Enquirer: 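Quick one: structure below, then a few questions.
Since this is a predicted model, take the numbers as computed values, not measurements.
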Amino acid sequence: MDGATGLLNVIDVEATCWAGMPPPGAVSEIIEIGLTVVDLDTDERVARHRILVRPARSAVSAFCTELTGLTQAEVDTGVAFAEACRLLAAEHRAGSRPWASWGDYDRHQFTRQCLATGTAYPFGSRHTNAKLAFTQAHGLRKRPGMAQALRIAGLPLEGRHHRGEDDAWNIAALILTLTAGGTWPGTPAP
């Protein structure tokens, strides 16, 4: 936990993507980092953040805009990836605070992009795969996508699906259902 405060960073990223193979020389890179801070002691979502990231080795495709709503012009106003990682560490205590994401995609994307760009990895080692925790808590055979998990939990989808800021907010809501039921890793049973 974040000291004695029980804060958890919930992260969801959006990255450049294409309907098929990427154009020659292009690679998938993070263009939006959504972050919701959850206070596990009070069972509340206490902060919501968005960091736009300017891609350096790819462009936002029409497919990506249709999926995420993000445009090239919008992400061009973002910060460089290294600066985004510095902001996560400095302003959101990413290195010391535990964090969660829906599946392992976000963690792997950060690892790949940090290695490729020589950027220091901003997170500590305490990561929880919220999709796995939800799957186990509900006794499911297959791991559901976030929107399906919201339906299973009886929660509304707030905002736009495949938008980092909104997805992090919704994943945080799912995590809170697990903490309420005592099935989030590290929380006592009710």
Side-chain angles (χ1 to χ4, degrees), residues 1-3 5 7-39 45-131 146 159-172 175:
M1 303 300 162
D2 188 34
T5 61
L7 297 180
L8 171 75
N9 284 342
V10 179
I11 301 287
D12 185 82
V13 301
E14 301 304 326
T16 52
C17 55
W18 303 269
M21 295 296 294
V27 296
S28 182
E29 26 180 3
I30 294 169
I31 54 176
E32 182 190 26
I33 303 166
L35 185 152
T36 295
V37 180
V38 174
D39 186 329
R45 296 176 286 187
V46 295
R48 180 181 183 142
H49 305 280
R50 175 183 193 218
I51 302 171
L52 283 177
V53 183
R54 188 174 54 252
R57 300 175 295 150
S58 64
V60 176
S61 68
F63 172 81
C64 189
T65 296
E66 186 177 322
L67 182 67
T68 66
L70 296 166
T71 65
Q72 184 66 47
E74 186 175 9
V75 299
D76 281 346
T77 68
V79 298
F81 176 70
E83 175 63 9
C85 289
R86 189 198 69 71
L87 289 170
L88 286 169
E91 295 182 15
H92 304 291
R93 300 190 59 192
S96 60
R97 190 177 288 169
W99 68 292
S101 60
W102 194 257
D104 284 323
Y105 170 81
D106 305 81
R107 184 171 57 87
H108 291 312
Q109 182 64 32
F110 267 103
T111 300
R112 280 190 300 270
Q113 198 162 338
C114 284
L115 284 172
T117 61
T119 302
Y121 187 71
F123 300 104
S125 61
R126 296 178 296 161
H127 174 263
T128 302
N129 178 334
K131 181 191 279 192
M146 184 207 67
R160 181 186 178 127
H161 191 23
H162 299 300
R163 194 62 173 254
E165 180 183 20
D166 294 336
D167 285 356
W169 185 256
N170 286 304
I171 294 163
I175 289 169

Enquirer: May I ask you to test the Asp12-Trp169 pair for a side-chain heavy-atom distance under 4.5 Å?
Expert: no
Enquirer: Considering only residues two or more places apart or on different chains, which pairs with a residue in residues 115-124 satisfy salt bridge (Lys or Arg N to Asp or Glu O under 4.0 Å)?
Expert: none
Enquirer: Just verifying a value: how many Å separate Cys114 SG and Ile30 CD1, rounded to the nearest 0.5 Å?
Expert: 7.5 Å
Enquirer: If I take atom CG from residue Asn129 and atom CG from residue Asp104, how far apart are they, to the nearest 0.5 angstrom?
Expert: 4.5 Å
Enquirer: Which ring pair (Phe, Tyr, Trp, His ring centres under 6.0 Å) pairs, counting each pair once, include a residue from residues 11-33, with sequence neighbours left out?
Expert: none
Enquirer: Do Ile171 and Thr36 have side chains that approach each other closer than 4.5 Å (heavy atoms only, starting at C-beta)?
Expert: no
Enquirer: Go through the structure and list residues passing side chain to side chain contact (heavy atoms under 4.5 Å, CB included) with Ser101, not counting sequence neighbours.
Expert: Trp99, Asp106, His127
Enquirer: To the nearest 0.5 Å, what is the distance between CD on Glu165 and CZ on Arg48?
Expert: 4.5 Å
Enquirer: Who pairs with His161 by side chain to side chain contact (heavy atoms under 4.5 Å, CB included), at least two apart in sequence or on another chain?
Expert: Met146, Ala147, Leu157, Asp167
Enquirer: Under the rule for side chain to side chain contact (heavy atoms under 4.5 Å, CB included), what residues qualify as partners of Thr128, not counting sequence neighbours?
Expert: Ala100, Trp184, Pro185
Enquirer: Heavy atoms only: give me the nearest Val75-Pro55 pair and the separation to one decimal.
Expert: CG2-CD, 3.6 Å
Enquirer: In chain order, what residues pass the salt bridge (charged side-chain N to carboxylate O under 4.0 Å, His left out) check against Arg163, with sequence neighbours excluded?
Expert: Glu32, Glu74
Enquirer: Let me check something: any side-chain donor-acceptor pairs from residues 83-90 under 3.5 Å, sequence neighbours excluded? List them with distances.
Expert:
| unit_1 | atom_1 | unit_2 | atom_2 | d |
| --- | --- | --- | --- | --- |
| Glu83 | OE1 | Arg86 | NE | 3.0 |
| Glu83 | OE2 | Arg86 | NE | 3.4 |
| Glu83 | OE2 | Arg86 | NH2 | 2.9 |

Enquirer: In chain order, what residues pass the side-chain hydrogen bond (donor to acceptor under 3.5 Å, both in side chains) check against Asn9, with sequence neighbours excluded?
Expert: Arg97
Enquirer: Measure the shortest side-chain to side-chain distance between Leu35 and Ile51 over non-hydrogen atoms and say whether it is less than 4.5 angstrom.
Expert: no
Enquirer: So do the side chains of Gln113 and Phe81 get within less than 4.5 Å of each other, counting heavy atoms only?
Expert: yes
Enquirer: Which residue pairs pass the side chain to side chain donor-acceptor pair (under 3.5 Å) test when at least one of the two sits in residues 63-72, sequence neighbours left out?
Expert: Gln72-Asp76
Enquirer: With sequence neighbours excluded, give me every ring pair (Phe, Tyr, Trp, His ring centres under 6.0 Å) pair touching residues 49-73.
Expert: His49-His92
Enquirer: Quick one: CZ on Arg54 to CD on Glu29, what's the gap to the nearest 0.5 Å?
Expert: 11.0 Å
Enquirer: Can you give me the closest heavy-atom contact between Lys131 and Gly103, atom names plus distance?
Expert: CB-N, 3.6 Å
Enquirer: Ser28: what forms a side-chain hydrogen bond (donor to acceptor under 3.5 Å, both in side chains) with it, not counting sequence neighbours?
Expert: none
Enquirer: List for me each residue that meets ring-ring contact (aromatic ring centres under 6.0 Å, His included) alongside Trp102, sequence neighbours excluded, and say none if there are none.
Expert: Phe134
